[in-house]
Amino acid sequence: MSNATGSNDHAGSGKPRPSDFIRDIVAADLASGKCREVVTRFPPEPNGYLHIGHAKSICLNFGIAVENGGRCNLRMDDTNPTREEAGYVEAIIRDVAWLVEGWADHCFKMKPRGAKPVVTERDGRRDYYMPPAENVPSAELANPRSAVVEPFYASDYFEALYDYALQLIRAGKAYVCDLSAEEMEEYRGTPEKPGRESPYRNRSVEENLDLFQRMRAGEFPDGARTLRAKIDMASPNIWMRDPVLYRIRHAAHHHAGDQWCIYPTYDFAHCLSDYIEGITHSICTLEFEVHRPLYDWILENLNLPRPLPHQYEFAKLIPSYTVVSKRKLVQLVNEGIVRGWDDPRLPTLAGLRRRGVPAQAIRDFAYHIGVTKYPSLTDIAVLEHTIRDDLNRRALRRLAVLRPVKLVITNLPEGHREEVEAVNNPEDPAAGTRRVTFTREVYIDDQDFMEEPPPKYHRLRPGGEVRLKYAYIVRCDEVIKGPDGRIKELRCTADLGSKRGGPTANRKVKGTIHWVSAADSIPAEVRLYDRLFTVPEPDADGADFRQFINPNSLEVVEARLESGLREARANEHYQFERLGYFYLDPDSTADRLVFNRTITLRDTWAKLQSRQQQR
RNA sequence: UGCCGGAUGGUGUAACGGUAGCACAGCAGACUCUGGAUCUGUUUGUCUAGGUUCGAAUCCUAGUCCGGCAGCCA
């Protein structure tokens with residue numbers, strides 16, 4: 001098939017375009033001429049924050065648009081006024097724009113602010129169509145309060161949906177039902193037993209029309225009546241047993257205001273929203289598979305003039321060592337187990353972003369996990385790998401000491417101070433070098449010295465040698481302890497000829513450790529994050545996931561950073577050498593820096609050590 | 001036990017009747033002024049039983065196991 005209009009590069013990763021059963025269908029539809037352009041949509045309900053699971057869906061929907069020169073609409077699936085809030089809409093726009101920026105922003109579609117569907121006559125049939133805004137600068141797409149564009153909203157189609165409901169009634173395919181919720185449940189039957197027809201099922205068209213109009217006019221209380229599709233109460237598929245299309249809810253809507261007291265259900269609104277926007281491929285998760293016959297039934301019974309959208313289902317992401325369900329995320333936030341929706345320990349896009357995870361790494365993750373109909377548990381190590389892989393290439397290297405121990409070089413004069421040259425990124429020579437101040441007294445990390453080290457320990461020990469990165473090889477002569485027995489300082493002598501370019505520079509020593517100048521470094525708060533849960537599936541078998549919370553998911557240390565980090569920038573990713581990747585937190589102030597550890601470096605020593613301990 | 005869907009190494013995925021491949025994880029080694037990165041090697045797999053075929057992960061039959069569905073949630 002042709003790539004003429006699409007990118008052959010997946011998600012900006014340089015990897016070949018992916019292939020999966022949905023992309024195969026899209027390619028076949030294009031090849032057969034079943035559709036000429038590809039239009040997808042990402043339809044979150046604005047009642048929570050987007051998370052890594054949504055990222056899979058976003059990458060799928062936007063990816064298909066990018067690869068085929070199509071477009072992808074961001075749509076708020078907001079048909080239930082009692083659950084949804086405008087505040088979430090802004091967060092969703094921000095997260096989506098962040099995730100697709102630089103990759104799919106040209107396919108990312110919103111609509112002119114305030115626009116409603118265009119009404120036309122086609123072949124004597126009334127038609128509603130909601131086109132996207134054209135030529136929108138990407139800054140506007142990323143601005144949740146843009147004056148020119150806004151997302152698509154299912155609630156903008158309420159008038160059209162009402163009209164479609166009227167058409168169904170007139171065709172004798174929908175009726176107003178007076179059964180209470182409890183009665184309806186009873187009439188519905190069970191999966192094994194067919195349901196019974198409602199006594200209101202055979203009302204006349206005129207009576208249905210009258211009643212439905214009065215439902216809209218607010219004549220009945222919540223729950224008094226519903227509009228139902230007239231399909232088949234004996235269907236083996238529960239969703240075909242005269243499903244509810246409209247319910248009465250005397251409640252204001254976050255977007256539509258207070259003009260409605262009847263609201264369409266998901267099943268009625270979703271397929272028609274897709275149609276109205278000209279969606280070709282409506283991609284959703286597996287739990288909607290059994291709804292597909294209803295999706296098709298509604299569209300096919302409306303005599304619509306344009307091509308109909310089709311629904312395809314894939315398995316949603318289940319990541320290990322975290323939870324992703326809206327209810328559980330809300331619980332973590334509301335119970336104060338984490339500090340908010342953007343807590344860096346959460347799998348929310350806002351949390352991952354704050355932690356320092358690049359959007360590219362999330363897109364790479366989506367690429368690696370693939371798309372199938374098999375509901376699998378995905379090892380979070382795959383995400384950790386794509387994060388390290390991306391950050392290794394781009395992060396600026398800096399020196400920082402998390403748990404400082406003083407090291408004094410006795411053969412250097414009091415007040416000695418010099419500058420050494422340090423590499424900014426060994427993966428990227430263009431990143432250049434910088435000067436770092438080296439002094440007689442430095443700090444090293446307490447893990448880099450042991451009085452009685454285990455076998456294979458390559459770092460500093462009494463009488464042992466180690467290289468201070470970019471500076472000298474030092475030998476530990478003496479360990480000075482305070483009255484409490486804790487190490488106060490390490491007294492060392494340096495091999496003064498061992499600096500780069502010096503006569504003994506090429507001497508081999510087992511270990512190289514990082515350091516910062518005692519006098520020239522700056523203090524900072526560093527937040528060390530670990531997985532939020534201690535088990536791969538914290539919510540398996542209906543167990544209370546809170547019992548598996550990792551008590552050490554956050555550790556705060558008072559660190560010392562090389563002084564150049566005073567100018568650390570937000571949005572810049574840093575590697576603190578030998579420690580991991582770090583990212584400036586918005587809690588930082590002018591005189592107090594706060595860093596989040598995005599992720600540690602791969603640590604083969606730690607692995608070796610834990611294996612030794614297990615023996 | 002109704003309907004819909006699914007099953008390939010430890011995990012995730014590819015192979016579209018023709019050599020079971022890739023990634024992550026693991027293990028072993030090389031290299032290294034990051035125990036990082038990089039490179040090399042390597043352990044482990046087609047749910048079961050029949051059938052069709054020169055040939056089956058793939059097609060057929062039967063079974064097993066797993067997931068989803070009985071909101072006026074999405």
Side-chain angles (χ1 to χ4, degrees), chain A residues 18-20 24 43-45 47 77-80 82-84 177 179-181 184-185 188-195 222-228 235-241 243-249 262-263 265-267 269-270 284-293 313 315 320 326 367-386 388-389 392-393 397 399 423 426-427 456-459 466-471 473 498-500 505-506 508-514 536 575-580 600-609:
Chain A
S19 162
D20 53 63
D24 289 348
E45 184 187 15
N47 71 342
D77 206 358
D78 57 350
T79 55
N80 186 343
T82 59
R83 296 175 29 124
E84 295 141 10
C177 181
L179 253 26
S180 69
M184 203 182 291
E185 187 185 337
R188 187 159 35 228
T190 65
E192 304 83 28
K193 262 183 286 170
D222 286 5
R225 297 182 213 264
T226 56
L227 182 74
R228 295 225 258 163
S235 171
N237 182 339
I238 298 273
W239 292 99
M240 297 300 269
R241 320 240 264 229
V244 172
L245 267 21
Y246 266 91
R247 70 282 216 187
I248 300 172
R249 286 257 194 293
I262 56 171
Y263 291 93
T265 56
Y266 164 84
D267 289 296
H270 203 91
C284 61
T285 47
L286 252 26
E287 62 266 34
F288 295 103
E289 219 160 9
V290 285
H291 293 239
R292 189 176 350 116
E313 310 86 15
S320 64
K326 221 169 269 185
Y367 175 87
H368 280 285
I369 60 178
V371 178
T372 65
K373 301 190 78 151
Y374 179 71
S376 56
L377 180 73
T378 296
D379 192 345
I380 201 66
V382 178
L383 176 63
E384 294 173 345
H385 170 262
T386 60
R388 289 192 180 104
D389 190 48
N392 174 50
R393 268 173 282 174
R397 313 294 134 121
L399 295 175
V423 175
E427 305 293 318
K456 294 188 181 162
Y457 185 81
H458 294 167
R459 284 107 99 143
V466 78
R467 175 177 290 281
L468 297 177
K469 179 119 187 170
Y470 304 125
I473 294 170
S498 64
K499 226 170 73 167
R500 194 178 293 277
N506 294 328
K508 297 289 178 214
V509 283
K510 269 286 173 55
T512 298
I513 66 174
H514 58 277
Q575 184 196 100
F576 295 172
E577 291 212 43
R578 300 209 310 132
L579 296 172
T600 60
L601 253 27
R602 263 185 75 220
D603 192 344
T604 42
W605 168 242
K607 213 186 300 176
L608 220 184
Q609 222 179 359

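Atom set for the values below is all heavy atoms of this structure, side chains included, hydrogens, waters and symmetry mates excluded. Residue numbers start from 1 in every chain, and the chains themselves are labelled A, B, ... in the order their sequence lines are given, proteins ahead of strands.
Base contact: A:Gln575 has a heavy atom under 4.0 Å from a base atom. A:Arg225 comes within 4.0 angstrom of nothing in the nucleic acid, heavy atoms only. Among the protein residues, A:His291 comes within range of the nucleic acid bases, having at least one heavy atom under 4.0 Å from a base atom. A:Thr226 comes within contact range of at least one nucleobase, with a heavy-atom separation under 4.0 Å. Residue A:Leu579 is classed as having no contact, given no heavy-atom separation below 4.0 Å to the nucleic acid. Within 4.0 Å of A:Ile369, counting heavy atoms only, lie sugar-phosphate atoms of the nucleic acid but no base atom. Nucleic acid contact for A:Arg241: none, since no nucleic acid atom lies under 4.0 Å from a heavy atom of the residue. The residue A:Phe576 sits apart from the nucleic acid: no heavy atom pair falls under 4.0 Å. In this structure, A:Pro293 reaches neither bases nor backbone, as no heavy-atom distance under 4.0 Å exists between it and the strands shown. Among the heavy atoms of the strands lying under 4.0 Å from A:Arg188 are primed sugar atoms or P, OP1, OP2 only; no base atom is included. The residue A:Ser180 sits close to a base: some heavy atom pair falls under 4.0 Å. Residue-level contact check: A:Thr604 touches the backbone only, with heavy atoms under 4.0 Å from sugar-phosphate atoms and none from bases. Among the atoms of the strands shown, base atoms are found under 4.0 Å from some heavy atom of A:Leu179. A:Ser320 comes within contact range of no nucleotide atom at all, as no heavy-atom separation falls under 4.0 Å.
Annotation: the span from A:Arg188 atom CZ to A:Leu179 atom CG amounts to 10.0 Å, rounded to 0.5 Å. One finds the CG atom of A:Leu383 at 9.0 Å from the CD1 atom of A:Ile369 (value rounded to the nearest 0.5 Å). Distance check, rounded to the nearest 0.5 Å: CD1 of A:Ile473 to NZ of A:Lys499 gives 13.5 Å. Going from atom CD1 of A:Ile238 over to atom OG1 of A:Thr190 covers 6.5 Å, rounded to the nearest 0.5 Å. Taken to the nearest 0.5 Å, the CG atom of A:Asp222 stands 11.0 Å off from the CZ atom of A:Arg247. For the atom pair CG of A:Asn80 and CD of A:Glu45, the computed distance is 6.5 Å after rounding to the nearest 0.5 Å.
Taking a 6.0 Å sphere around NZ of A:Lys326, one finds it holds more than 12 heavy atoms contributed by other residues, nucleotides or ligands.
The P atoms of B:C22 and B:C16 are separated by 16 Å, rounded to the nearest whole Å. Rounded to the nearest Å, the gap between the P atom of B:C65 and that of B:A70 is 23 Å. A gap of 11 Å separates the C1' atoms of B:U46 and B:A56, to the nearest Å. B:G45 and B:A7 have their C1' atoms separated by 13 Å, with the value rounded to a whole Å. B:A20 and B:C39: their C1' atoms are spaced 26 Å apart (whole Å). Spacing between B:G68 and B:G12 at atom P, rounded to whole Å, works out to 16 Å. Nucleotides B:C60 and B:U53 place their C1' atoms 12 Å apart, quoted to the nearest Å. Taking atom C1' in both B:U61 and B:A25, the straight-line distance is 39 Å, to the nearest Å.
Of the candidates B:U34, B:A74, B:A14, the closest approach to any side-chain atom of A:Lys469 belongs to B:U34. Checked against B:A74, B:A14, B:C3, the side chain of A:Glu84 finds its nearest nucleotide in B:A74. Nearest to the side chain of A:Val382, among B:U34, B:A74, B:C24, sits B:C24. Among the nucleotides B:C72, B:C73, B:U34, the one closest to the side chain of A:Arg83 is B:C73. Residue A:Asp389 has its side chain nearest to B:U38 when only B:U34, B:U38, B:C73 are considered. Closest to the side chain of A:His385, out of B:C73, B:G71, B:A25, is B:A25. With B:A70, B:U32, B:A14 as the candidates, the nucleotide lying closest to the side chain of A:Thr190 is B:A70.
The base of B:U38 is not paired with the side chain of A:Glu427 by any donor and acceptor separated by under 3.5 Å. Under 3.5 Å, the side chain of A:Arg602 and the base of B:G35 form no donor-acceptor pair of N or O atoms.
Judged by ring centres under 5.5 Å apart and planes tilted less than 30 degrees, A:Tyr266 fails to stack against the six-membered base ring of B:A74. In this structure, A:His368 forms no aromatic stack with the base of B:A23, since the conditions of centre separation below 5.5 Å and plane angle below 30° are not both met.
Counting only heavy atoms from C-beta outward, the side chains of A:Arg388 and A:Gln575 never approach each other to under 4.5 Å. Taking 4.5 Å as the limit, every side-chain heavy atom of A:His270 sits out of range of all side-chain heavy atoms of A:His291. In this structure, the side chains of A:Tyr367 and A:Thr386 stay at 4.5 Å or more apart for every pair of heavy atoms. Side-chain contact between A:Asn392 and A:Glu427 is present, with at least one heavy-atom pair separated by less than 4.5 Å. Between A:Pro243 and A:Asp267, every side-chain heavy-atom pair lies at or beyond the 4.5 Å cut-off.
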| message | Between A:Thr512 and A:Arg578, does the side chain to side chain contact (heavy atoms under 4.5 Å, CB included) criterion hold? Intermediate values first, please. | response | CA-CA 9 Å; A:Thr512 298; A:Arg578 300 209 310 132; 5.7 Å; no
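A residue-by-residue look at A:Pro43 and A:Tyr457 shows that A:Tyr457 has its nearest nucleotide of RNA chain B further toward the 5' end. The nearest heavy atom of RNA chain B to A:Gly189 and to A:Arg467 marks one nucleotide each, and the one closer to the 5' end goes with A:Arg467.
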Give me the distances for all protein-to-nucleotides 4-8 of chain B N/O pairs that come in under 3.5 Å?
none

Table of protein N/O atoms under 3.5 Å from nucleotides 16-21 of chain B N/O atoms:
from, atom 1, to, atom 2, distance (Å)
B:C16, N4, A:Asp24, OD2, 3.3

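Pairing analysis of RNA chain B (Watson-Crick: purine N1 to pyrimidine N3 plus N6-O4 or O6-N4; G-U wobble: N1-O2 and O6-N3; both under 3.5 Å) yields stems of 3 or more pairs at B:2-7 with B:64-69, B:10-13 with B:21-24, B:26-30 with B:38-42, B:47-51 with B:59-63.
Close to B:G26, at under 4.0 Å from its OP1 or OP2, lies a side-chain N or O of A:Lys607. The side chain of A:Arg247 places an N or O atom within less than 4.0 Å of a non-bridging phosphate oxygen (OP1 or OP2) of B:C73. Dashed line: the shortest gap from a side-chain N or O of A:Ser376 to OP1 or OP2 of B:U13 is under 4.0 Å.
Using a 4.0 Å cut-off between charged nitrogen and carboxylate oxygen, A:Lys607 and A:Asp603 do not count as a salt-bridge pair.
B:G71 adopts a syn glycosidic conformation, its chi angle falling within 90° of 0.
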